[in-house]
Amino acid sequence: MTTNTKTATRTRIARVSSTPQASTTPSRRKKITLWASAGLGILVVWQVGFTLFAPAYIATPIGAILAIPTVFADPIFFPDVASTLGAVFEGLLIAIVAGTIIGLAMGRLPDVNRVLGMYVGAFYAIPLIAIVPLFTVWFGYTPQARLAMIVLEAVLPIIYNVAEGSRIVSATYLDVTRIHRVAWWRVWTGVVLPNALPYVLAGLDLAIGRALIGAVVAEFVTAIDGLGTYILFNVHSFHQNEAVIALIVVVIFALVIRALINLAVRRGLPWYQPVKEA
Amino acid sequence: MPTVTEVEPMIHVDHLGKQYGERTVFSDISFDVNPGEIVSIVGPSGCGKTTLLRCVVGLMKPSHGTVLVSGTPVVDPPEGVAMVFQHFGLFPWKTIAANVAYGLTAKGVSMKDAAPRVHELIKLVGLEGFEKSYPYQLSGGMQQRAGLARALAVEPGVLVMDEPFAALDAQTRDILQLELLRIWGTRSAAMMFVTHSIDEAVLMGDRIVILRGRPSSIFDIVDVGIPHPRGRETVDTDRFRTVRDYVWRAVMHDEADDTPLPTDADAVRIEPQSHRNMNGHDHG
Amino acid sequence: MNRRTTRHRLRVLSGYVGGVLLGAVLWQVIGTIAPHEVFDSLSDTLARLWQIILDGTLGTALWTSFQTYLVGMVFALIIGAFGGLLLARRQLLRIALEPYAIALYATPMVGIIPFLLALLGFGFWPKVVVIILFAFFPVLLNTQRGAQSISPELLDVARVYRTRERDIWRHVILPYTLPFLMTGVRQSLARGLVGMIAADFFLSSDGLGGLLITASERFDTAEMLAITLVITVIGLALMAIGRALENHFARWRVG
């Protein structure tokens with residue numbers, strides 16, 4: 001009896017402890033097989049489950065694939081894609097510039113931080129989509145309301161990260177500039193700005209997802225042309241499969257833009273080491 | 001032959017004191033650093049060595065007293081002073097070559113015009129082939145070599161080192177100490193070398209300023225009296241051991257302890273004249 | 001207390017007070033100048049807030065929203081914690097699901113709401129599902145990263161002392177993972193709130209979000225501002241709770 005328990009205990013210990021050692025990465029081929037089978041599994045469950053238990057207008061994988069030609073032939077689809085993604089792109093650019101400037105000012109000038117800090121903190125903590133109704137009152141049911149929403153969503157993580165990042169410019173860097181009697185503007189352009197760049201990128205990483213949420217919510221509320229409206233309209237008119245394709249386009253856009261940023265960083269900023277997002 | 005007192009000091013520290021609010025870090029510190037001389041500053045951790053150094057180079061305002069560098073009072077960091085930092089302070093977004101050139105390019109010199117001197121210094125510190133590397137790709141020892149090259153690039157009359165090898169492993173530290181002595185031998189800069197390592201203070205310094213007490217003040221200034229060039233074998237000489245033991249007891253002596261402070265101070269005393277002779281490295 | 005720190009503290013304090021006052025005065029002035037349907041003054045907003053507190057509108061909406069939020073968060077926490085632990089300890093599952101998790105994380109969850117509406121209709125539970133969808137991911141991700149980052153050395157220590165598996169979980173894996181899980185909870189609290197407002201907007205229009213929508217339809221700017229103020233306070237309170245939870249459970253973790 002005692003011996004039995006002992007053996008059992010030993011094997012159980014061995015199982016838990018060996019896990020980290022066993023976590024050597026499997027081969028690429030094995031990984032791809034795993035991904036493919038998991039993906040197939042998800043699709044089959046989705047297809048079979050919804051075919052059996054849901055109304056016919058609910059989207060299924062086969063339905064969505066069959067809907068692709070319809071969606072691409074739809075004359076309003078590509079203008080809608082361009083409208084939403086263009087606005088997100090424009091909003092992100094505005095947010096990068098504005099967020100970097102405000103973030104730098106907050107990070108380096110304590111008085112600015114004392115006044116603005118709590119407002120940025122408050123806006124960062126609340127669900128900004130609550131502001132959409134107010135924006136519809138100010139901007140009307142227009143693309144400007146959507147752009148404002150995108151900028152507001154995207155600018156906050158950038159401000160927050162840049163402010164945090166530039167606040168902790170290594171004291172040694174600043175000592176180096178002082179020992180070398182460097183002009184103040186060179187300190188900003190040559191040290192503070194490049195030092196903040198990884199934080200801009202960390203903020204941007206968060207900003208992309210938030211900007212897309214802002215765009216879709218604004219479109220849901222205002223019903224202006226765009227992918228969000230395309231999704232809403234098609235779901236409401238029982239064309240869910242078409243709507244799924246539009247949603248996938250949004251996801252692909254998010255993934256592609258992140259991949260592009262990663263690529264640009266690796267090519268353009270060989271010194272870059274990612275920072276933890278604030 | 002000139003005696004030490006006749007030379008105009010590169011750094012003249014006069015009754016320097018620093019307070020943070022009620023707390024006095026150090027007080028009444030006076031010493032000189034002569035041209036071509038290495039002065040080590042040693043003391044227990046937390047005694048304000050780095051604060052003293054920052055006051056000397058004008059990165060920090062002292063509460064009392066004055067510092068003259070080349071005869072001019074220090075308010076902000078003066079021209080002709082370079083510094084090497086404990087954590088290197090290399091800009092991660094600049095290549096090694098651009099970091100070494102920083103003191104020049106930050107004043108508007110183009111990278112191209114700076115290139116010959118940058119090349120010469122990178123060669124001097126033994127970093128050939130790493131010009132285009134980024135700091136994160138280099139080991140700590142190599143990064144500090146780059147930090148040294150950056151400091152030397154501005155051809156400073158005064159070089160201050162803030163525990164430059166404290167962040168490195170023991171082996172790298174041993175190598176870089178001798179490297180620094182070799183490189184310094186090719187320059188005419190006065191050097192102030194802050195360290196908490198007593199061995200390092202003795203190996204590097206022509207003279208050692210020993211800080212102790214709370215608030216700290218100068219306990220003694222010791223002439224090391226070991227001629228240049230120094231090498232690995234220096235640490236095996238009797239003189240090295242004598243000075244090291246004296247400094248060790250002076251630094252480690254516990255206030256609360258009743259044992260008397262080192263009374264064999266005479267053992268390390270040598271005549272300035274004989275120092276010059278032993279030195280054989282005339283800076284006059 | 002020396003003079004320098006006193007002066008510094010005064011300056012910090014005056015910065016905060018000045019910031020609040022500046023914001024309040026700006027709000028009041030702009031609200032007074034601008035037409036009522038565009039922007040309303042601070043005093044009007046506070047008056048309207050008092051009104052909806054007194055007539056019970058706010059209380060009813062708060063209670064409705066709070067119920068869905070609480071139930072949603074509990075489910076999100078359970079799914080996130082167990083899912084995270086499972087993924088951390090089962091490497092094959094983790095590798096198999098990784099690309100789909102990344103894709104799901106990149107999906108703006110609001111985009112799924114119309115589908116949920118078609119599938120589940122209006123009511124309490126569809127809203128809960130929205131909140132779960134918004135909130136479970138950070139808990140899952142942080143739990144998984146935490147549980148996975150236990151150093152083999154710690155597990156070796158447990159093994160050297162011949163600890164039983166149950167005790168390894170109790171004494172090593174769970175205490176080590178808890179701070180990471182709490183970081184996830186902090187992030188989830190905020191995302192769940194976004195989900196709650198979105199659910200109020202696009203599913204059955206009640207709760208705080210519903211109040212906002214109806215107020216905007218009436219161009220009642222003062223009420224919209226008042227509710228936004230309430231949501232801000234809730235958001236800040238949740239963030240403070242999240243920080244406190246994280247700090248409490250992360251006492252041993254440096255940085």
Side-chain angles (χ1 to χ4, degrees), chain A residues 9-10 12-17 19-23 26 31 34-35 37-39 42 54 57-59 110-111 113-119 121-122 125-134 136-138 209 212-213 216-217 220-221 228 231-232 235-236 240 243-244 247 250-251 254-255 258, chain C residues 12 15-16 18-20 22-23 37-39 89 91-92 95-100 102-103 106-112 114-115 117-119 150 152 155-156 158-159 162-165 168 190 193-194 196-198 201-202 209 212-213 215-216 219 221 224-225 227-228 231-232 235-236 238-239:
Chain A
T9 311
R10 195 173 300 152
R12 262 187 268 129
I13 293 164
R15 190 159 65 80
V16 169
S17 309
T19 311
Q21 278 94 24
S23 64
K31 268 189 181 176
L34 274 171
W35 290 342
S37 40
I42 293 169
Y57 58 82
I58 300 291
D111 284 325
N113 186 50
R114 270 170 217 137
V115 175
L116 279 187
M118 65 187 128
Y119 291 103
I126 66 169
L128 285 176
I129 62 169
I131 312 235
V132 172
L134 211 54
T136 62
V137 172
W138 293 347
L212 281 171
I213 291 179
V216 172
V217 170
F220 280 2
V221 172
I231 292 171
L232 198 65
V235 170
H236 285 176
Q240 280 209 10
V244 166
L247 188 59
V250 174
V251 177
L255 294 174
R258 284 175 86 164
Chain C
V12 171
Y16 285 135
V20 171
L22 190 71
E37 64 277 12
V38 174
F39 200 75
R89 307 300 303 178
Q91 197 202 7
L92 286 189
I95 294 171
L97 293 181
E98 196 187 6
Y100 309 104
I102 292 172
T107 309
M109 292 294 176
V110 269
I112 295 181
F115 298 95
L117 178 63
L119 192 65
I150 299 179
L155 292 175
D156 282 348
R159 193 169 60 161
R162 306 183 48 78
T163 318
R164 280 175 305 169
E165 165 147 11
I168 289 185
L193 196 62
V194 179
M196 183 191 88
I197 301 289
F201 276 4
F202 306 120
L212 263 180
I213 292 282
S216 83
F219 292 95
T221 318
M224 289 163 72
L225 288 170
I227 296 162
T228 311
I231 293 173
T232 307
L236 290 175
L238 285 174
M239 200 169 75

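When all heavy atoms of A/Val235 and C/Pro114 are compared, the closest pair comes out as CG1-O, 3.5 Å. Between A/Ile231 and C/Gly111, the shortest heavy-atom contact is CG2-O, 4.1 Å. Between A/Ile126 and C/Ile231, the closest heavy-atom pair is CG2-O, 4.0 Å.
For A/Phe220 and C/Phe201, the distance between ring centers is not under 6.0 angstrom.
Ranked by heavy-atom pairs shorter than 4.5 Å toward chain A, the options C/Ala190, C/Ala103, C/Ala215 are led by C/Ala103. Residue with the most contacts toward chain C among A/Ala125, A/Ala122, A/Gly121: A/Ala125 (heavy-atom pairs, distance under 4.5 Å). Among C/Leu193, C/Leu22, C/Leu117, the residue making the largest number of heavy-atom pairs under 4.5 Å with chain A is C/Leu193. Between chain C and the residues A/Leu212, A/Leu134, A/Val132, the most heavy-atom pairs under 4.5 angstrom are made by A/Leu134. The most heavy-atom pairs under 4.5 Å with chain A, out of C/Gly23, C/Ala118, C/Gly18, come from C/Ala118.
Interface remark: A/Val217 contributes backbone and side-chain atoms alike to the contact with chain C (heavy atom separation under 4.5 Å). Residue contact with chain C, scored on non-hydrogen atoms closer than 4.5 Å, involves the side chain of A/Ala254 exclusively. Neither the backbone nor the side chain of C/Leu238 comes within less than 4.5 Å of any heavy atom in chain A. C/Tyr100 touches chain A through its side chain: at least one heavy atom from C-beta onward sits under 4.5 Å away, while N, CA, C and O do not. The contact between A/Ile58 and chain C is made entirely by side chain atoms (from C-beta outward), counting heavy-atom distances below 4.5 Å. Within the 4.5 angstrom heavy-atom criterion, atoms from both the backbone and the side chain of A/Val115 approach chain C. Neither the backbone nor the side chain of A/Leu128 comes within contact range of chain C; no heavy atoms are under 4.5 Å apart. Contact of A/Ile129 with chain C is made through backbone and side chain together, with heavy-atom distances under 4.5 Å. Residue A/Trp35 touches chain C through both its backbone and its side chain, counting heavy-atom pairs closer than 4.5 Å.
The line from CZ of C/Phe202 to CG of A/Leu232 is 8.0 Å long, rounded to the nearest 0.5 Å. One finds the CG atom of A/Asn113 at 9.5 Å from the CE atom of A/Met118 (value rounded to the nearest 0.5 Å). In this structure, C/Met224 CE and A/Ile131 CD1 are separated by 9.5 Å, a value rounded to the nearest 0.5 Å. We find the OG1-OH distance between C/Thr232 and A/Tyr119 to be 11.5 Å, quoted to the nearest 0.5 Å.
No more than 12 heavy atoms of other residues, nucleotides or ligands lie within 6.0 Å of CZ in C/Phe219, so this atom counts as exposed by the packing criterion.
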